[in-house]
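The structure under discussion appears below in the form of structure tokens.
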Protein chains: 2
Amino acid sequence: MDQKMSNRQDIIEKAKERVIETISLNMHLYGVTPSIGRLYGTLFFRDTPMTLDDMKEELQMSKTSMSTSVRTLTDLNMVEKVWIKGERKDQYEAKKDWYQIFLDYFTNQWRKVIQVNLKAINESLKELEDLASDPSILTESEQEDIEKAVAKLMYSKEYYAWLNRLFDQFESKEIFEFVNKDPQNP
Amino acid sequence: MDQKMSNRQDIIEKAKERVIETISLNMHLYGVTPSIGRLYGTLFFRDTPMTLDDMKEELQMSKTSMSTSVRTLTDLNMVEKVWIKGERKDQYEAKKDWYQIFLDYFTNQWRKVIQVNLKAINESLKELEDLASDPSILTESEQEDIEKAVAKLMYSKEYYAWLNRLFDQFESKEIFEFVNKDPQNP
DNA sequence: AAGTATGTACAGAAAAAACTTTACAAACAA
DNA sequence: TTGTTTGTAAAGTTTTTTCTGTACATACTT
């Protein structure tokens, strides 16, 4: 292999690697480790799908790790299995619509949490309101305590309702009317 | 202390604790541990500020942990130190504007990452474009490889520019015109 | 000034997470 | 059927994170 060709390939490789590495380090925003981030970055720059053995080779990690990492990325809708005629091994490639990944991830994460939190809030609200329904049995400080707690819970409910509306906009893509993908074409 | 009063206090306490616990478990969305989440939840339901010793007592943890947890929450703009006349110990209370906390957190987190990623992308783009500026020295497959990488980097740039615009809307509060806090008063 | 209270840095222990090796089940090949 | 290949579960190891106890600097009190 001639020297200059090797240099050029190296430059191209380095340019990709730099970006892969920053992706790797910043994927904690999606709740994954740098290793998993690096795998996504590697797949992102590939033009053809990879098998678990390709990944193992490329990232110098165990096949088991590749298997679990790919599953994580698949669950996050960042990677998908593709079927290739005549290929026995499973093949994976990166999903490349970053807007979609961003919106999906936040919507999914938050919807789950909002639901769980609202459930707890509503249970507690009910208990407190039941207790407050007969004020005569309560001391003054108890009444005050309940009122304050109820006020906080109501506030939380409003907040979660707002979040739900925000994620509705994310899910329906209407967010792109508010913040356009192409700033020149609003 | 009479039995019924104890029951009523218990019910109130339980109602708060349930919500504190769900907050604790879901604060991973803000990148903090359940312990730190529990501290925030505890502070949220307090009507008066707490000292490190109060927290240590309440959560049965070391004072050192309380100190570092409070610092973390302060950095996240979720807690603030308040000055109380004649009090020697530092006092802390929860910030209670959850909309603000949400917007601040995501804006800060993402701005940092966007900046770092864009820097890497631009460096790599420059290297690749320099290399591509003299196509005569490149093999066909190298040219193609560079083109594909450049296209991906350009795409990323557009995406990060969009994110920046989205967070501009967050920062300027214009997001509340798009998704109103009070759905009845749009 | 000496003594005490307060908050945090630092080192170490405990707990949790990430990763690897081994083992095995399911699918395919001969 | 028997032998391979492929993917993943389970157990074990390594690394990282979280939490605690000690030590100490700073600031307050008398």
What is the distance from [atom1] of [X] to [atom2] of [N], rounded to the nearest Å?
X       : N      : atom1 : atom2 : value
A:Met61 : C:dA17 : CE    : C1'   : 13 Å
A:Arg71 : D:dA10 : CZ    : P     : 11 Å
A:Met50 : D:dT6  : CE    : P     : 16 Å
A:His28 : D:dT16 : NE2   : P     : 17 Å
A:Met55 : C:dC19 : CE    : C1'   : 17 Å
A:Glu87 : C:dA27 : CD    : P     : 19 Å
B:Leu52 : D:dT20 : CG    : C1'   : 15 Å
A:Lys63 : C:dT22 : NZ    : P     : 15 Å

Does B:Phe170 form a ring pair (Phe, Tyr, Trp, His ring centres under 6.0 Å) with B:Phe106? I'd like the steps, not just the answer.
CA-CA 9 Å; B:Phe170 278 17; B:Phe106 286 101; 7.9 Å; no
Using only side-chain N and O atoms of [X], determine if any of them is under 4.0 Å from OP1 or OP2 of [N].
X       : N      : result
A:Ser62 : C:dT20 : yes
B:Ser35 : D:dC19 : yes
A:Arg88 : C:dA26 : no
B:Thr33 : D:dT18 : no
A:Ser67 : D:dG7  : no
B:Arg38 : D:dC19 : no

Ring centres of B:Phe44 and B:Trp98 under 6.0 Å apart?
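They qualify: ring centres under 6.0 Å apart.
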Taking the ring of B:Trp162 and the ring of B:Phe167, is the distance between their centroids below 6.0 Å?
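No.
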Stepwise, does the side chain to side chain donor-acceptor pair (under 3.5 Å) test hold for A:Ser62 with A:Ser65?
CA-CA 5 Å; A:Ser62 72; A:Ser65 282; 3.2 Å; yes
At under 4.0 Å between heavy atoms, what does A:Thr64 touch on the DNA or RNA strands: base, sugar-phosphate, or nothing?
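Base contact.
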Remember a base hit wins even if backbone is also touched, and classify B:Asp90 as base, sugar-phosphate or nothing at under 4.0 Å, heavy atoms.
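Here B:Asp90 touches the backbone only, sparing every base.
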For the backbone of A:Met78 and the side chain of A:Tyr30, can you confirm whether one donor and one acceptor N or O come within less than 3.5 Å of each other?
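Such a contact is absent between A:Tyr30 side chain and A:Met78 backbone.
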